[in-house]
Amino acid sequence: MSNVAAEQNTVAVHIENNVAWVKLNRPEKRNCMSPSLNRQMMRVLDELEFNADVGVLVLTGEGTAFSAGMDLKEYFRETEAQGLGATRQAQREAYGWWRRLRWYQKPTIAMVNGWCFGGAYGPLFACDLAFAAEDATFGLSEINWGILPGGGASKVVADLLPMRKAMYHAMLGENIDGVTAAEWGLVNEAIPSAQLKTRVAEVCQVLLDKNPVALKATKDAIRRVKEMTYDNAEDYLVRAQEAANSYDNDGRKEGIKQFIDDKTYKPGLGAYDKSRQGN
Ligand code: ACO
């Protein structure tokens, strides 16, 4: 197999009902992230971002792992052996696709099906929503092999968890299951593994029914306002909505009309019918 073909096999994509199911696909290596996988994932994200058949992207793993973190051999040892330039390039490739995912055009969901360690907290956090199997395993194992949780992992737990939990999780290197991850706020919900995909598909359908311009504006707003003062956030949100209006100036007017004039739905109880927009 050529290098390019081998690289392509590290990520599997399946599009069904406007959902792109993107799988880290190195099950024999527990989907740990190698430079090859990181490069391929960026290509896949590029291809899907403005694909009209895709309304939601789900990131998950083939086999027993979501991802066992960075590939200790290919990402750390082999790049380090090539010097600082190779190390920095490997970091850019990994951090690059996680950043891309944090600000992705489409809503994104992490479906954590199994092992989720260290570097995997990067893509986990990058996804807007996260659903885990009850028996998935989460851990910041960095401390167990002698490094700090880098690649954003410390930032992820400091942002998502209360300080004592973040500190305990990072310093003791003890794992938690999906149920505890949900209790701690690392994921939205924990679900029995047999029902995980069905539940995620259900959430995808709800998102697909919403106005896509409003969804992109909303997900960016939630991430951006966290680091703003109240006044700055207020101003940013006015401008963000007005910018969204430049891409879709009819959606919200249709949403108001179907409620106030047509009385065909109630915004408090569900989304307006997008298919009638522009008719
Ligand atoms: N880096 C490199 N190789 C890995 C990694 C990894 N992160 N994770 C698994 N593998 C490889 C193993 O070396 C093994 O390779 P081999 O078949 O050539 O011997 C193969 O994947 C299967 O792994 P096993 O350990 O045999 O699988 P098992 O299901 O028994 O255990 C587990 C799974 C618990 C995930 C274990 O593989 C493990 O502890 N992996 C490392 C997890 C980790 O600490 N990741 C780094 C986090 S820190 C960071 O990302 C910066």
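Just the heavy atoms: all of them, side chains too, but no hydrogens, waters or symmetry mates, feed the values below. Indexing begins at 1, ligand by ligand and atom by atom, following the structure's order.
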Is [Y] paired with [X] through a side-chain N to carboxylate O contact shorter than 4.0 Å?
X	Y	result
Asp128	Arg102	no
Glu49	Arg100	yes
Arg199	Glu189	yes

*Would you verify whether the NZ or CZ of Arg39 falls within 45 degrees of the ring axis of Trp97 while also being under 6.0 Å from that six-membered ring's centre?*
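Verdict for Trp97: no cation-pi partner in Arg39.
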*Contact list for residues 8-32, test ring pair (Phe, Tyr, Trp, His ring centres under 6.0 Å), sequence neighbours left out*: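 Qualifying pairs: none.
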Identify all N/O pairs between ligand 1 and the protein with a separation under 3.5 Å and present them as a table of atom names and distances.
| residue | atom | partner | partner atom | Å |
| --- | --- | --- | --- | --- |
| ligand 1 | 1 (N) | Leu72 | N | 2.9 |
| ligand 1 | 7 (N) | Ala68 | O | 3.0 |
| ligand 1 | 7 (N) | Met70 | O | 2.9 |
| ligand 1 | 15 (O) | Lys29 | NZ | 3.3 |
| ligand 1 | 18 (O) | Lys29 | NZ | 2.6 |
| ligand 1 | 21 (O) | Glu28 | O | 3.4 |
| ligand 1 | 27 (O) | Arg30 | NE | 3.1 |
| ligand 1 | 27 (O) | Arg30 | NH2 | 3.2 |
| ligand 1 | 29 (O) | Arg30 | NE | 2.8 |
| ligand 1 | 29 (O) | Arg30 | NH2 | 3.3 |
| ligand 1 | 44 (O) | Ser141 | OG | 2.5 |
| ligand 1 | 45 (N) | Ala68 | O | 2.8 |
| ligand 1 | 50 (O) | Met70 | N | 2.8 |
| ligand 1 | 50 (O) | Gly119 | N | 2.9 |

_Under the side chain to side chain contact (heavy atoms under 4.5 Å, CB included) test against Thr10, which residue among Asn31, Leu37, Asn25, Leu24 passes?_
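That would be Leu37.
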